[in-house]
Protein chains: 2
Amino acid sequence: MVLYAGFVAVKITKKPKGSYHHPDLEQALVDAAIRTIGKRSVESLTLRDIGTQLGVSRTAIYRHFEDKSALLARVALEGFRMFRLTLQAALDEARERGVEPIEEMGVAYLGFAMANESHYKTMFGDVFEAHDCYPDLNEEGGAAFEVLLNTVKEEQQAGRIAATQDPLRLAHVLWAAVHGIALLGMSGRLTGTSGSGATLEELSRLHSQIVLTGLRTQRRRRS
Amino acid sequence: MVLYAGFVAVKITKKPKGSYHHPDLEQALVDAAIRTIGKRSVESLTLRDIGTQLGVSRTAIYRHFEDKSALLARVALEGFRMFRLTLQAALDEARERGVEPIEEMGVAYLGFAMANESHYKTMFGDVFEAHDCYPDLNEEGGAAFEVLLNTVKEEQQAGRIAATQDPLRLAHVLWAAVHGIALLGMSGRLTGTSGSGATLEELSRLHSQIVLTGLRTQRRRRS
DNA sequence: ACCTGAACACCGTTCAAGT
DNA sequence: ACCTGAACACCGTTCAAGT
């Protein structure tokens, strides 16, 4: 609805919004930020740089975003959207091929993180921690997480893993493990000279298999 | 040896090194940095600030450290040293009390991380990723990790967990999981409104128990 | 409405100059 | 030897002024 109202507003305006340099400067700013973050890092991204990249003043951004944090929040938002689609695709394919969905989602998670290192760090960085006022960002992040959470619940209901554990806690723990592998992997602490020779994907599969084995063992433990 | 030579040099100097404002400005700079990081964050730490904190010019630091990164590397180094002692103490106590050492080390790991959030982030931040030229930092980090690695090996040799797995891979996976819980926990993604009601310590214990159960199940799996 | 250029208050770092 | 103060090249952000 908001989108439609915006479209009407553009239609009745003589000149399309932002057409002076770009048909949609707002999106161009986000794309340029993502591109720059991908090439370098979040820290090295400057508003001046993306301004000149787009042939625009370095203060033009403030017409579309409140400040730099707001732009980075949008970058993170688009990251979480791609992230959710990636996880969903991995889940669908695992279901189709009849392989372990949780293990495959872990591998897909890791693949996304390693293919978009800086973008991933932006998504999980301290961008929105300072201001906790990006509700749509939390929503998109939650939507991505729910793909995993729902899968855990489905596996429990199908009896393939123990239903004695709280699915939310289980999903949190699985998430944390692959998140940790991704971040330690990015810093080179799991591979190279100090490594075991295993790739990050192999480590992720190893972890999934150990955990799933543990969950299939019905032995009850002290809470 | 280097330390002793430094002491001799001080002794034969009429005026102790750096005594103009501080008996040991170098250590005072590190302490002030750690204190400031603890109160605020790594990003908000400025050389000007710690300079004025110590009643010293903002360029005085360059007499003791090559640049800001070198100071942060020292901060991280001291963090890893404390970290190793914390893990070792947890291990010793677990051995003494006869409880699960890997689970207790995970809890101790998490306790250190959450009690020193910013310092922990400095240790695992991008400080030394840019310059890979802090060999002593990697050494201290490796020493802390080895406490965990050795414990995994000991548990395998004692037959309490499956010896079929590479201990290094196992230790990496255990490390990654608790690292992930710590970082996601710091960003509030595992607790609060979106949380399960479990504390981070409970999540860590849950993970350890699932993994250890999986490792005690001797079933062989495809590599 | 949208964008600009100058200005402001920061930052890390360098360097000639002091004691 | 150790420290300082001015200067340099950055940065995000503000704001009066342009079209």
How long is the line joining [atom1] of [X] and [atom2] of [N], in whole Å?
{"X": "B/F65", "N": "C/dT13", "atom1": "CZ", "atom2": "P", "result": "13 Å"}
{"X": "A/I61", "N": "C/dC2", "atom1": "CD1", "atom2": "P", "result": "16 Å"}
{"X": "A/R63", "N": "D/dG18", "atom1": "CZ", "atom2": "P", "result": "16 Å"}
{"X": "B/Y62", "N": "C/dG12", "atom1": "OH", "atom2": "C1'", "result": "5 Å"}
{"X": "A/L54", "N": "C/dT4", "atom1": "CG", "atom2": "C1'", "result": "16 Å"}
{"X": "B/D49", "N": "C/dA9", "atom1": "CG", "atom2": "P", "result": "19 Å"}
{"X": "B/E43", "N": "D/dC11", "atom1": "CD", "atom2": "C1'", "result": "15 Å"}
{"X": "B/E26", "N": "D/dA1", "atom1": "CD", "atom2": "P", "result": "17 Å"}

Is it the case that the ring center of B/H119 lies less than 6.0 angstrom away from the ring center of B/F112?
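No: the rings miss the under 6.0 Å criterion.
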Taking the six-membered ring for Trp and the single ring otherwise, decide whether the centroids of B/Y109 and B/H179 are under 6.0 Å apart.
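No.
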Among the candidates [options], find the nucleotide nearest to the side-chain atoms of [X].
{"X": "A/T59", "options": "C/dG5, D/dT4, C/dT14", "result": "C/dG5"}
{"X": "B/R58", "options": "C/dC3, D/dA7, D/dT14", "result": "D/dA7"}
{"X": "A/S57", "options": "D/dT4, C/dT13, C/dT4", "result": "C/dT4"}

Hey, is the side chain of A/T46 pairing donor to acceptor with the base of D/dG12 inside 3.5 Å?
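When only heavy-atom distances are counted, A/T46 does not reach the base of D/dG12 through any donor-acceptor pair under 3.5 Å.
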Checking only heavy atoms, does the side chain of A/R48 share a donor-acceptor pair with the base of D/dG12 at less than 3.5 Å?
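Checked by distance alone, the answer is yes.
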Let's test your reading of the pairing rules: Watson-Crick or G-U wobble, both distances under 3.5 Å, then write DNA chain D as a dot-bracket string with ( ), [ ], | and dots.
||.|||||...|||||.||
Using a 4.0 Å heavy-atom cut-off, does B/L45 contact any base of the nucleic acid, only the sugar-phosphate backbone, or nothing at all?
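Since only primed, P, OP1 and OP2 atoms lie under 4.0 Å of B/L45, the category is sugar-phosphate.
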Between [X] and [Y], do the side chains contain an N or O donor and an N or O acceptor separated by less than 3.5 Å?
{"X": "B/E100", "Y": "B/S208", "answer": "no"}
{"X": "A/N150", "Y": "A/E154", "answer": "no"}
{"X": "B/R48", "Y": "B/T46", "answer": "no"}

What do you reckon, is CD of A/E66 surrounded by more than 12 foreign heavy atoms closer than 6.0 Å?
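12 or below, so no.
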Testing A/E140, A/E139, A/E146 for salt bridge (charged side-chain N to carboxylate O under 4.0 Å, His left out) with A/R84, which one passes?
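Filter result, single survivor: A/E140.
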B/H64 side chain N/O closer than 4.0 Å to the phosphate oxygens (OP1, OP2) of D/dC3?
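Checking D/dC3 against B/H64, a side-chain N or O does come within under 4.0 Å of OP1 or OP2.
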